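All figures in this text were calculated on a predicted structure; none of them were measured in a lab.
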Amino acid sequence: MATTKHTEILKKYWGYDAFRPLQQDIIESVLVGTDTLALLPTGGGKSICFQVPALMSEGLCLVISPLIALMKDQVQNLQEKGIKAQALTSGMSRREIDVALDNCIYGSIKFLYVSPERLRSELFRSRVQQMNLSLIAVDEAHCISQWGYDFRPDYLEIAQLREWAPGVRMIALTATATPEVVVDIQEKLQFAKPCVFQKSFERSNLVYLVYREPDKFGKLRRLIDKVGGSGIVYVRNRRRTMDLARQLKQLGYSAEAYHAGMGITERDARQHSWIKGETQIIVATNAFGMGIDKPDVRWVVHLDLPESPEAYFQEAGRAGRDGKKSWAVLLFDEGDIEKLRENWLTSFPEKPFIKRVYTGLGNYLQLAIGSGEGRIFPFDLIDFSNRYRFNPTETFHALKLLEREGYIHLSDAVYQPSKIQVLLSKSELYNLEVSQPARSQILLTLLRSYSGMFDHPTPVREKLLAQRLNITTGELRKKLQHLHRQRVIDYQPSSETPRITFLKERLQDENVFLSKINYEDRKKTGGQKMEAMLEYVRSEQCTSQILLQYFGEDDAPECGQCNRCQQRQSNHTSYSREELMQLIMQKLEIGPVALSDLIKDFSLIEENQLIETVQWLHGDGRLEIGPGNRLKRLY
């Protein structure tokens with residue numbers, strides 16, 4: 001593509017007349033060939049910072065991204081703009097990957113998205129060296145740092161691209177990085193010289209509120225009624241997402257649960273309904289939100305403590321991306337503090353247990369000592385844990401520690417559609433049609449419905465095929481499996497299970513080693529992040545200020561709008577209980593008032609103090625609390 005002014009590119013493909021702050025500076029840094037680290041808050045338009053310079057340059061932009069769902073979303077967005085983009089995912093066959101890589105070398109693909117573990121593939125290594133790369137973009141770059149909250153060992157492979165594609169400029173992007181992580185990212189990616197563009201992480205339209213709250217559900221309801229609009233409720237437990245969503249629906253709210261244990265079809269439907277505004281509230285684990293572009297989220301509420309300020313900042317930052325006033329609310333009690341400590345300890349199981357998990361894994365997958373390197377297996381964590389009587393949560397964390405050490409890779413659960421390739425030649429198919437017409441009927445229906453089946457594995461819709469053959473989907477699958485066993489077709493059934501890859505051959509137990517940096521040092525760092533999270537909820541300091549200071553903005557001002565700032569500002573108008581009772585009873589003289597309206601009217605008074613006074617008046621028989629928390633004066 002011929003060089004074009006970046007503002008023209010922005011207008012042509014995104015429809016914007018001007019860049020956001022720092023975007024143009026970052027783009028110009030990349031265009032002059034400087035390795036660049038861009039730190040922009042969630043929703044700050046990071047992707048434009050590498051997509052615009054890539055579109056202005058000859059050649060292909062290689063994008064490293066940690067999640068398949070994120071890659072698929074960005075590829076789809078680019079394709080909808082008429083830009084040729086491709087992603088390599090774990091569900092693709094070797095032939096499909098081969099064709100895609102050929103298109104990147106000889107075709108007109110502009111963006112190639114890959115996961116960091118793809119860099120371990122010999123096929124990819126050899127082919128990437130033949131590509132005309134214009135730019136390497138590393139998304140979620142904090143994952144490369146041992147001190148980041150979401151370290152991924154595969155990110156350490158990225159530096160090898162310096163050898164395979166010498167001289168190609170690089171841009172790294174993240175929304176969450178402490179000063180220590182900023183330095184580490186540049187060192188790990190071998191920047192020629194430091195070059196950081198950092199927009200303040202301050203979100204002036206986002207109000208951070210923290211409450212020590214025994215009645216979390218009641219507080220949540222009052223917040224929903226008061227603020228309205230679209231929102232997310234984060235909890236740590238899958239079952240709790242469903243219980244809480246059910247409670248909200250029973251009270252008339254439009255709410256749905258979301259967690260990684262659901263089928264991809266169900267997750268997509270719930271996400272789509274929420275994005276369109278048909279569902280008001282999503283109750284989710286931290287599996288929800290990454291890569292979702294919904295600007296009008298008015299509030300995000302955490303009913304459990306996140307494991308680190310980085311995780312909280314990322315999740316809370318999904319509110320208010322349209323720049324309008326929004327709320328990030330964290331509710332906690334003393335029990336939550338103990339749970340957070342327990343979760344930290346569970347995240348680092350004892351070393352003998354980790355070795356037992358490794359041994360059990362090798363037996364479960366029937367791998368002999370010295371075998372298995374490079375092999376990929378579907379993996380059911382619950383079945384594995386039950387078979388060996390392991391605690392599933394501890395087992396998951398043991399597997400993640402083995403992953404950090406480079407022994408295995410555990411992928412996310414991603415839906416892979418069924419795929420079929422016909423293995424017979426056309427003449428063999430004709431002979432089968434003559435000799436066994438019943439068996440050939442399925443093949444003929446397949447070939448009439450889809451093209452390319454002789455050449456490569458083709459995604460198919462089994463339900464549609466079953467309808468055309470006038471049989472059930474179950475019957476169709478049995479027939480396809482039979483044809484697969486007969487080597488008539490290659491049939492890959494759909495899957496939503498995670499996959500586990502052995503990166504090294506299976507070792508003897510005594511040779512399984514956990515390094516200090518991956519175990520003791522990570523455990524210490526995790527403990528420090530946990531303490532920082534506890535400091536955030538326990539402190540009386542401005543919530544925005546304490547978060548910004550954690551990310552290195554030591555001169556961050558007080559926000560003036562969080563509950564802590566409001567409390568300090570309203571000290572000059574603080575009321576005794578007797579004075580506050582008098583104010584409330586005067587308000588009710590003119591008639592009944594909803595509690596939510598009372599809270600709005602007395603916005604400068606601490607909400608908990610107001611509610612406690614209302615409850616005291618109710619207990620004293622001086623006011624009645626009716627349906628919908630409607631308050632009525634009794635005398």
I want to check a possible cation-pi pair here: Lys188 against Tyr155, using under 6.0 Å from ring centre and within 45° of the ring axis as the test. no
Quick check: are there more than 12 heavy atoms from other residues, nucleotides or ligands sitting under 6.0 Å from OH of Tyr16? no
Hey, could you give me the OG/CG distance between Ser385 and Asp380, rounded to the nearest 0.5 Å? 8.5 Å
Looking at CG of Leu617 and CD of Glu624, how far apart are the two atoms once the value is rounded to the nearest 0.5 Å? 13.5 Å
What's the separation between atom CZ in Arg203 and atom CG in Leu547, rounded to the nearest 0.5 Å? 12.0 Å
Over all heavy atoms of both residues, which pair between Pro349 and Ile354 is shortest? Give the atoms and the distance, please. O-CD1, 3.5 Å
I'd like to know whether Trp299 forms a side-chain contact (heavy atoms from CB on, under 4.5 Å) with Ile232, so could you lay out the CA-CA distance, the side-chain angles of the two residues, the decisive distance to 0.1 Å, and finally the verdict. CA-CA 7 Å; Trp299 51 269; Ile232 308 171; 5.8 Å; no
Between Phe348 and His397, does the ring centre distance come in under 6.0 Å? no
How close do Pro392 and Leu381 get, heavy atom to heavy atom, and via which atoms? O-CD2, 4.0 Å
Centroid-centroid distance, Trp274 to Phe288, less than 6.0 Å: yes
Determine the minimum heavy-atom distance between Ala177 and Leu39, stating which atoms define it. CB-CD2, 3.9 Å
Considering non-hydrogen atoms only, spot the tightest contact between Val235 and Thr241 and give its length. CG2-CG2, 3.4 Å
Is any side-chain heavy atom of Leu303 closer than 4.5 Å to a side-chain heavy atom of Lys216? yes
Would you say the side-chain atoms of Arg238 and Tyr258 include a donor-acceptor pair closer than 3.5 Å? no
Please determine whether a side-chain nitrogen of the Lys or Arg among Lys400 and Glu403 lies less than 4.0 Å from a carboxylate oxygen of the Asp or Glu. yes
Between Thr613 and Met581, which heavy-atom pair has the shortest distance, and what is it? CG2-CG, 3.5 Å
Between Arg246 and Glu256, does at least one N-O distance fall below 4.0 Å, as a salt bridge requires? no
I'd like to check Met262 versus His259 (side-chain heavy atoms, cut-off strictly below 4.5 Å). Are they in contact? yes
Counting neighbours of CD on Glu350 that are heavy atoms of other residues, nucleotides or ligands and sit closer than 6.0 Å, is the number greater than 12? no
Could you label the plane-to-plane angle of the Tyr208 and Phe313 rings as parallel, tilted or perpendicular, counting under 30° as parallel and over 60° as perpendicular? parallel
Parallel, tilted or perpendicular: which fits the ring planes of Tyr536 and Tyr312, with parallel below 30° and perpendicular above 60°? tilted
Is Asp225 salt-bridged to Arg221, going by a charged N under 4.0 Å from an acidic O? no
Mind checking whether Phe217 and Gln247 have side chains closer than 4.5 Å, heavy atoms only? yes
If you count heavy atoms of other groups shown closer than 6.0 angstrom to NZ of Lys523, is the number above 12? yes
Ion pair Asp296/Lys294, N-O distance below 4.0 Å: yes
Could you measure the distance from the CZ atom of Arg239 to the OG1 atom of Thr285? Nearest 0.5 Å is fine. 14.5 Å
Can you tell me if Glu117 and Ser115 form a side-chain donor-acceptor pair at under 3.5 Å? yes
Aromatic ring proximity Phe353/Phe390, centre distance under 6.0 Å: yes
Start with the C-alpha gap between Glu140 and Ser65, add the side-chain angles, then the distance that decides, and say whether side chain to side chain donor-acceptor pair (under 3.5 Å) holds. CA-CA 7 Å; Glu140 306 297 336; Ser65 181; over 6 Å; no
Kindly determine whether Lys351 and Tyr519 satisfy side-chain contact (heavy atoms from CB on, under 4.5 Å), including the steps that lead there. CA-CA 9 Å; Lys351 288 184 178 181; Tyr519 189 83; 3.5 Å; yes
Can you name the nearest heavy-atom pair linking Leu206 to Gly317, along with the distance? CD2-CA, 4.3 Å
Would you call Leu580 and Gln609 a side-chain contact if the rule is heavy atoms closer than 4.5 Å? yes
Distance (rounded to the nearest 0.5 Å) between Met533 CE and Leu305 CG: 6.0 Å
For the pair Val283 and Leu248, evaluate side-chain contact (heavy atoms from CB on, under 4.5 Å) and give the outcome as yes or no after the intermediate values. CA-CA 10 Å; Val283 185; Leu248 289 168; 4.0 Å; yes
Measuring from Glu540:CD to Cys565:SG, what's the distance to the nearest 0.5 Å? 11.0 Å
Can Ser200 and Glu553 be counted as having a side-chain donor-acceptor contact under 3.5 angstrom? yes
With the side chain counted from C-beta on, respond yes when Val207 and Leu209 share a heavy-atom pair under 4.5 Å apart, and no when they do not. yes
Indicate whether the side chain of Gln541 and that of Gln549 have a donor and an acceptor atom separated by less than 3.5 Å. yes
Do Lys276 and His272 have side chains that get closer than 4.5 Å, going by heavy atoms? yes
Under 3.5 Å, is there a donor-acceptor pair between the side chain of Glu202 and the main chain of Ala556? no
Report yes if the side chains of Thr178 and Trp147 come closer than 4.5 Å at any heavy-atom pair, otherwise no. no
Assess the residue pair Leu631 and His618 against the criterion (side-chain contact (heavy atoms from CB on, under 4.5 Å)); give the C-alpha distance rounded to whole Å, side-chain angles, the decisive distance to 0.1 Å, and a yes or no. CA-CA 9 Å; Leu631 311 180; His618 174 63; over 6 Å; no
What I want to find out is whether Lys524 reaches Glu520 closely enough, with some N-O distance under 4.0 Å, to be called a salt bridge. no
Residues Asp336, Arg236: salt bridge by 4.0 Å N-O rule: no
Check each of His142, Gln314, Glu310 against Thr174 using the side chain to side chain donor-acceptor pair (under 3.5 Å) test, and report the only one that passes. His142
What I want to check is whether the side chains of Arg298 and Ser230 have a donor and an acceptor closer together than 3.5 Å. no
